[in-house]
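Accompanying notes for the structure given below.
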Amino acid sequence: MTERMRYIDEVCAALLDDTERKYIMARTHLEQLKDAGEVPTEEHADQIEATRKEYLRASKEYLAIAFKTKFLGVDLE
């Protein structure tokens, strides 16, 4: 590996760990909100929608980091 890419494995691992943590937190929060009420109020429905959007953002970010890591040929396993 070239001198300029010395820390690429470490950086990819750190970014993937961070995005995975965000994804899991967003997924858990969405599940909790969905399970919280049988008939959601308008406010509860708005919270669910905002949380769903955060979940999708976290999913996209995680996927982007995973693809970039794979593209760079970094093996994190």
Side-chain angles (χ1 to χ4, degrees):
M1 196 172 291
T2 66
E3 188 66 24
R4 291 172 35 132
M5 301 276 283
R6 181 186 337 181
Y7 302 108
I8 198 71
D9 293 354
E10 182 181 332
V11 169
C12 286
L15 290 173
L16 200 55
D17 286 347
D18 185 57
T19 56
E20 182 177 24
R21 182 186 56 78
K22 289 176 185 176
Y23 168 78
I24 291 169
M25 288 175 55
R27 183 184 69 191
T28 301
H29 189 214
L30 181 59
E31 289 171 355
Q32 289 171 344
L33 279 176
K34 284 182 175 181
D35 293 341
E38 294 177 21
V39 179
T41 63
E42 185 175 339
E43 181 181 336
H44 187 97
D46 290 343
Q47 288 177 337
I48 290 173
E49 183 59 22
T51 303
R52 187 187 70 78
K53 287 179 181 178
E54 182 58 35
Y55 170 72
L56 290 175
R57 266 192 297 276
S59 299
K60 289 176 186 177
E61 185 179 346
Y62 182 74
L63 190 60
I65 297 298
F67 271 113
K68 289 173 185 175
T69 298
K70 185 77 170 173
F71 175 77
L72 290 169
V74 176
D75 185 20
L76 299 175
E77 296 182 65

Shared hydrophobic cluster, [X] / [Y] (ILVMFWY, side-chain heavy atoms < 4.5 Å):
| X | Y | result |
| --- | --- | --- |
| Leu30 | Met25 | no |
| Ile65 | Leu72 | yes |
| Phe67 | Leu16 | no |
| Ile48 | Leu56 | yes |

Distance, nearest 0.5 Å, that separates [atom1] of [X] from [atom2] of [Y]:
| X | Y | atom1 | atom2 | result |
| --- | --- | --- | --- | --- |
| Arg52 | His29 | CZ | NE2 | 14.5 Å |
| Tyr55 | Ile24 | OH | CD1 | 11.0 Å |
| Ile8 | Thr69 | CD1 | OG1 | 8.0 Å |
| Thr51 | Leu33 | OG1 | CG | 4.5 Å |

Checklist entry - Taking only residues at least two apart or on different chains, which pairs with a member in residues 23-34 satisfy salt bridge (Lys or Arg N to Asp or Glu O under 4.0 Å)? => result none

Item to check | Sequence neighbours excluded - salt bridge (Lys or Arg N to Asp or Glu O under 4.0 Å) pairs with any residue from residues 61-71 | outcome: Lys22-Glu61

Checklist entry - Do you know which two heavy atoms are closest between Ser59 and Tyr23, and how far apart they sit? => result OG-CE1, 3.3 Å

Next on the checklist: Tell me which pairs pass ring-ring contact (aromatic ring centres under 6.0 Å, His included) where either residue lies in residues 31-53, with sequence neighbours left out.
Outcome noted: none

